[in-house]
Amino acid sequence: MSRKTEAASQKFLDTNQYSNDSILRYERIFGHTWVSTGGETTTKDFLIKLGLEPGQRVLDVGCGTGGSAFFMARQYGVYVHGLDLSTNMISIAQDRLSREYKNIQEKVKFELADATKVELEKDGYDVIYSRDTILHIPDKENLLKTFYTWLKPGGTLFITDYCRGDQKHSQEFLEYVHRRGYDLRTVQEYGKVIEQAGFREVQAVDLTQTFISILTNELKYFQPQRKAFIKVGILKNITDKCKIQEKKVLFFCSWCYFQGWCIYVQY
């Protein structure tokens, strides 16, 4: 993985991976408001680990169209601040928020922002939550140090992300990653970066087999519906979308979650 990777720009995201058509494709696979693998099912499983309490403040980095933010506000009574660099994602999320019940509107807000540049309140959040987003950001070291300052003492960092296996990769894999602008680390490397940012008791858990099983099932349920999707005009290049999903099954050697705690030591 020697090629230098640059952070994905807003224009690149909005005109490629997260164009409006692409977002609709993701949602038809993962579920309404969901653009991450497993949709609501994996979100439920992960949130159990966090032990959220009513009234807590959560920063959702890479909030997409709002699936996790809405779910956390409804089910756990937390306040969620969602950030995303994609104009299309935030536009859809804000539109949906405007049609939510008032109690959800009071708990959720979305902001178009670059997580590497935005200035947020120090010690402002109980939890920082990010799903399959930070692979777009090569300077993970500084980003995670910034996360540490945004968390309250004792706060929790929770991330799921794509990683890479610790082996020689095919040229096809390398070219695919380069085209998508991804910065992939091994599970161990990623966990070490989180520790070096100051987090303690870091858990770096490889969920590759779970990920492959989820993607395989999503493809299984998706394939029979291809003609229907094309007929209603939602998916014009569905074959390419299926190929991308198949590449994920074949290529991505690791899908992992990371959890760490913000512990300030005073001398």
Side-chain angles (χ1 to χ4, degrees), residues 26-27 29-84 89 93 104 107-108 110 115 125-137 140 143-144 147-148 150-152 154-163 184-185 187-188 190-191 193-195 197 199-218 245 248-249 252-262:
Y26 281 120
E27 289 193 341
I29 296 171
F30 302 136
H32 181 63
T33 76
W34 302 100
V35 291
S36 290
T37 300
E40 185 175 316
T41 300
T42 52
T43 299
K44 285 179 178 178
D45 291 341
F46 289 138
L47 291 179
I48 289 171
K49 302 176 186 297
L50 290 181
L52 295 173
E53 297 286 344
Q56 286 186 320
R57 295 185 66 197
V58 178
L59 180 66
D60 184 356
V61 179
C63 62
T65 57
S68 291
F70 293 131
F71 188 88
M72 286 188 276
R74 289 192 200 106
Q75 303 300 323
Y76 290 91
V78 299
Y79 293 86
V80 187
H81 180 187
L83 301 180
D84 207 290
M89 292 283 201
I104 300 301
K107 287 184 169 64
V108 176
F110 297 112
Y125 300 93
D126 298 284
V127 175
I128 294 180
Y129 173 94
S130 182
R131 295 292 306 277
D132 307 347
T133 294
I134 301 175
L135 76 162
H136 294 290
I137 301 172
K140 293 172 176 45
L143 179 67
L144 288 159
F147 283 178
Y148 192 88
W150 291 342
L151 276 171
K152 297 177 182 179
T156 303
L157 172 71
F158 183 88
I159 296 169
T160 68
D161 215 352
Y162 295 106
C163 296
L184 304 181
R185 312 288 178 92
V187 181
Q188 293 76 18
Y190 210 136
V193 170
I194 295 172
E195 288 180 346
F199 292 93
R200 299 291 179 265
E201 301 177 34
V202 174
Q203 300 174 23
V205 181
D206 189 335
L207 296 176
T208 301
Q209 293 308 311
T210 300
F211 173 76
I212 291 173
S213 176
I214 292 168
L215 273 183
T216 301
N217 279 331
E218 286 171 341
Q245 290 296 92
K248 287 184 178 179
V249 174
F252 282 111
C253 304
S254 299
W255 185 64
C256 313
Y257 85 78
F258 303 91
Q259 190 164 353
W261 285 264
C262 177

So which atom in A204 and which in V187 form the shortest heavy-atom distance, rounded to 0.1 Å? CB-CG1, 3.9 Å
With sequence neighbours excluded, tell me which residues meet ring-ring contact (aromatic ring centres under 6.0 Å, His included) with F70. F110
Using a 3.5 Å distance criterion without hydrogens, assess whether the side chain of S213 forms a donor-acceptor pair with backbone atoms of Q209. no
Report the distance from atom CG of L135 to atom CG of D161, rounding to the nearest 0.5 Å. 5.0 Å
Shortest non-hydrogen pair, V61 vs A115, comes out as CG1-CB, 3.9 Å
Compare all side-chain heavy atoms of V80 with those of K107 and state whether any distance is below 4.5 angstrom. no
Of the non-hydrogen atoms in G66 and A93, which two are nearest, and what is the gap between them? N-CB, 4.2 Å
So, taking the atom named OH in Y26 and the one named OG1 in T65, what distance separates them when rounded to the nearest 0.5 Å? 12.0 Å
Can you tell me how far apart CZ (R185) and CD1 (I194) are? Round to the nearest 0.5 Å. 10.5 Å
Please list all pairs meeting salt bridge (Lys or Arg N to Asp or Glu O under 4.0 Å) that have one or both residues in residues 31-47, counting only residues at least two apart or in different chains. E40-K44
Please confirm whether the backbone N or O of F158 pairs with a side-chain atom of Q259, one donor and one acceptor, at under 3.5 Å? no
Heavy atoms only: give me the nearest C63-G82 pair and the separation to one decimal. SG-C, 3.6 Å
Would Y162 and F211 count as a ring pair (Phe, Tyr, Trp, His ring centres under 6.0 Å) if you check the C-alpha gap in whole Å, the side-chain angles of each, and the deciding distance to 0.1 Å? CA-CA 10 Å; Y162 295 106; F211 173 76; 5.5 Å; yes
I would like to know whether T160 and T42 meet side chain to side chain contact (heavy atoms under 4.5 Å, CB included); could you show each step before the answer? CA-CA 10 Å; T160 68; T42 52; over 6 Å; no
Please list every donor-acceptor pair under 3.5 Å in which a side-chain atom of residues 71-79 meets a protein atom from a residue at least two apart or in another chain.
| from | atom 1 | to | atom 2 | distance (Å) |
| --- | --- | --- | --- | --- |
| R74 | NH2 | E100 | OE2 | 2.5 |

Taken in chain and number order and not counting sequence neighbours, the residues that satisfy side-chain contact (heavy atoms from CB on, under 4.5 Å) with E195 are K192, V202
Enter the distance from T208:OG1 to D206:CG here, rounded to the nearest 0.5 Å. 3.5 Å
Any chance you could measure D132, atom CG, to T37, atom OG1, to the nearest 0.5 Å? 5.5 Å
So how far is it from F199 CZ to I128 CD1, rounded to the nearest 0.5 Å? 6.0 Å
Answer yes or no: is there a donor N or O on one side and an acceptor on the other, between the side chain of K140 and the main chain of I134, under 3.5 Å? yes
side-chain hydrogen bond (donor to acceptor under 3.5 Å, both in side chains) partners for Y129, two or more places apart: S68, R131
By salt bridge (Lys or Arg N to Asp or Glu O under 4.0 Å), E53 pairs with (sequence neighbours left out) none
